[in-house]
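Model, not experiment: these values are computed from the prediction. All chains are named by letter (A, B, ...) in the order of the sequence lines, taking the proteins before the strands, and each is independently numbered beginning at 1.
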There are 2 protein chains.
Amino acid sequence: MKGIRRLAEHLSISIGTVSRALNGRPDVNEATRRRVLDAAAELGYVPNQAGRTLRQGTTNAVGFMMEAGADTSGNPDNFFFGVFDGVQAVLSRHQLDLVVLPCATDEDPTEYLRRMIARRLVDALIISATHRKDPRVELLNKAHVPFIALGRTGTPSDHPWIDLDFEGVANRAVDRLVAKGHRSIAVAVPSSDINLGVIFLQAYKEALARHGIAFDQSLVIYTSSSEQGGYQAAHELIGMAQRPTAILLVYELMAIGFYRGLRDAGLNPGQDVAVIAFRESPLSRFLSPALTCFRVSLRDVGIGLGESLLASMPAYADIYPQGIVRRVWPMELVEGDSDNARSS
Amino acid sequence: MKGIRRLAEHLSISIGTVSRALNGRPDVNEATRRRVLDAAAELGYVPNQAGRTLRQGTTNAVGFMMEAGADTSGNPDNFFFGVFDGVQAVLSRHQLDLVVLPCATDEDPTEYLRRMIARRLVDALIISATHRKDPRVELLNKAHVPFIALGRTGTPSDHPWIDLDFEGVANRAVDRLVAKGHRSIAVAVPSSDINLGVIFLQAYKEALARHGIAFDQSLVIYTSSSEQGGYQAAHELIGMAQRPTAILLVYELMAIGFYRGLRDAGLNPGQDVAVIAFRESPLSRFLSPALTCFRVSLRDVGIGLGESLLASMPAYADIYPQGIVRRVWPMELVEGDSDNARSS
DNA sequence: CTGAAAGCGCTTACAG
DNA sequence: CTGAAAGCGCTTACAG
């Protein structure tokens, strides 16, 4: 005999009562509950999740889908880990667990997600690395799986999402550079159709317009979000007929390669070319010159994701009554030395 | 009506036959099997995993436990993602899925693992970031959950493991530096009790001994495996009465901080202090000077982990007859410019 | 080759 | 407040 049956036998009561006691139902004698709880601890009883899932139709787990594709995992580990930590802080309030679902590089993300949904491993999902057009959104809507996206997408849908404030970043970065005399500002964005590149580029254009600077398509460098991509960006920038005096890098990892590329050509980052990169990470301040970039509390983003996801799940909607959350997350400027020099 | 019952009704056959057809059992008429397979595709039927798990006692999923603790996630994302990719390549051969279990920073790893085991979410586990003494090993043994460790541990147990060849790294690094005239070689290792630090340090001592160099405890810098840790290491090194002419850094991320720390003191990495760091990552070659370090195919390590894990699971042991694998994984030297200068 | 039935471990109306 | 029973969706001996 195993499981709840064994526990019930041990206590000479019915499995129904054991179950009710364990699950905190009010209609149980307190003395009985104590005995059950004590015996469960003593015998190391833990309910079999498959049994519960089959009966209740819920897994008590939330999935976080990740892709290893260059344009997102270029971020250091701590990006996602910071977010996980916040998500878990929320989920643990309700005995929910977070499981991360990594999509293999050789598998189509949409097919992967389809499989994971069919497997019914989780009750709800968080997706990240949203694309301009993202078929995963339709898939999740059709399957009626509650989900939230970390990142906006152009695919029409009324799902909840949280995204970083790329517009604010572009605005403040351009303002800063213009204030220091720069008029020719390049930008390096991902060459994939990941949506943040599109949003960032659009905001960059509008910021230039505010300052009466004409947008120049040739100053947009499409490259990969990695050290290598930054190196290539430097190469392209150096090769321009009129060399820009400043550049915005969407990913901080690009800065390592960009610095190197500039130096290989005898130029000094921060001096010959002002650099502002997107997200602050530990490396930002240890590079020389220290990177001017933008900070966000990953844990807070994770908490936001967790709470907003629960708000969209019927079983938790009354505890988190915020409805369908669509939120642009503010970021804070961190001044470094990479954009100090004034443009002549 | 739902699930397999619906499919069976649609075809006017029994659910038993549907199940056998779907699961590739030989005792099914081929024409029947075709009809079932076609109908399943048409109706989008996918077996409910909870039902299968309850009946079969297996989840067809493998877990990979991760900790966000500084000394391991200091690695860039691609470390674990590269490994996941290899693991998944193996698991997918058998319709097994990989789920990643991230332990929150505020939760005790052993307690977390205990919960995950009790939850019966996965059939087997991969653990990483093994410590000198690792209670998770005993826990997994006691629970009779098949597992493999990425990393050795001092905790006695006959479980399978794969670990990187820290001994080889220490040996070759010391040999190189000694050949260039260095006799005073510092080493920066994690201050936590993560086991690789212990192994690396031991191998470093033995390598010095081979060259008749006395081990000097004051040249061992205990610090965190991060940019910040590297910066501190530089600070400590600079403050030494007799400044070492070379240093071994266990994590490549340390190099960023170490370079910065040296430069802040007016010293040049690679020139005033030779640097060899441990694992090659994209940043290695974009730093200036490019880092001399050691390369490993993460995907191959993942494949090794996957196959060795399956070899330890009764259901797959006949397909992977390698028994209990305990393997030190070789690494390849990548020459950079950070250890070029000869010591005078 | 196929069907009918048992049973995996739970939770939850329903009676009492 | 507690017990007996049904049933979640599957797979698998067992009969035929």
ring-ring contact (aromatic ring centres under 6.0 Å, His included) against B:Tyr112, all qualifying residues, sequence neighbours excluded: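 Expected list: none.
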So, using ring-ring contact (aromatic ring centres under 6.0 Å, His included) as the criterion, who are the partners of B:Tyr320 when residues are at least two apart?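 B:Tyr320 satisfies ring-ring contact (aromatic ring centres under 6.0 Å, His included) with B:His94 once adjacent residues are dropped.
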Please examine the side chains of B:Asp123 and B:Thr59, heavy atoms only from C-beta on, and report whether any two atoms are closer than 4.5 Å.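 A side-chain contact exists here, since the closest heavy-atom pair is under 4.5 Å.
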Note, B:Asn60 side chain near B:Gln95 side chain (heavy atom, < 4.5 Å):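 Side chain of B:Asn60 against side chain of B:Gln95, heavy atoms only: no contact under 4.5 Å found.
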Given pairs defined as Watson-Crick or G-U wobble with both distances under 3.5 Å, what dot-bracket annotation applies to DNA chain C, with ( ) intrastrand, [ ] crossing, | other strand and . unpaired? |||.||||||||.|||
Would you kindly say whether A:Asp85 and B:Thr105 are connected by a side-chain donor-acceptor distance under 3.5 Å?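 Short answer, yes.
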Distance alone, cut at 3.5 Å: any donor-acceptor contact between the side chains of A:Thr53 and A:Gln49?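 Result is yes, a qualifying pair exists.
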Less than 4.0 angstrom between a side-chain N/O of A:Thr53 and OP1 or OP2 of D:dC8, yes or no?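 No, A:Thr53 has no side-chain N/O under 4.0 Å of OP1/OP2 on D:dC8.
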Check against salt bridge (charged side-chain N to carboxylate O under 4.0 Å, His left out), B:Glu9 and B:Arg6: CA-CA 5 Å; B:Glu9 177 140 303; B:Arg6 164 133 177 277; over 6 Å; no
Roughly, in whole Å, what's the span from [atom1] in [X] to [atom2] in [N]?
X       : N      : atom1 : atom2 : answer
A:Asn48 : D:dC8  : CG    : P     : 18 Å
A:Leu54 : C:dG9  : CG    : P     : 12 Å
A:Gln49 : C:dG9  : CD    : P     : 14 Å
B:Lys2  : D:dG7  : NZ    : P     : 15 Å
B:Arg34 : C:dC1  : CZ    : C1'   : 18 Å
A:Leu7  : C:dC10 : CG    : P     : 9 Å

Is there a residue in residues 114-123 of chain B whose heavy atoms reach under 4.0 Å of DNA chain D, and which residues are they?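 The answer is none.
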Under 3.5 Å, which donor-acceptor pairs do the side chains of residues 312-319 of chain A form with other protein atoms, sequence neighbours left out?
{"from": "A:Ser312", "atom 1": "OG", "to": "A:Leu309", "atom 2": "O", "distance (Å)": "2.7"}

Atom pair CG (B:Leu91) and CG (B:Leu310), whose distance is rounded to the nearest 0.5 Å: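 Output value for this atom pair is 6.0 Å.
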Ionic contact status for B:Arg25 with B:Asp27, cut-off 4.0 Å: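 Here B:Asp27 does not pair with B:Arg25 in a salt bridge, since their nearest N and O are not under 4.0 Å apart.
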Letter by letter from the 5' end, nucleotides 11-16 of chain C scores (B base, S sugar-phosphate only, - none; protein heavy atoms under 4.0 Å) BBB---
Out of the candidates B:Ile194, B:Thr153, B:Leu150, B:Val137, only one should pair with B:Thr130 under the side chain to side chain contact (heavy atoms under 4.5 Å, CB included) rule; please name it.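 Output: one option passes, namely B:Thr153.
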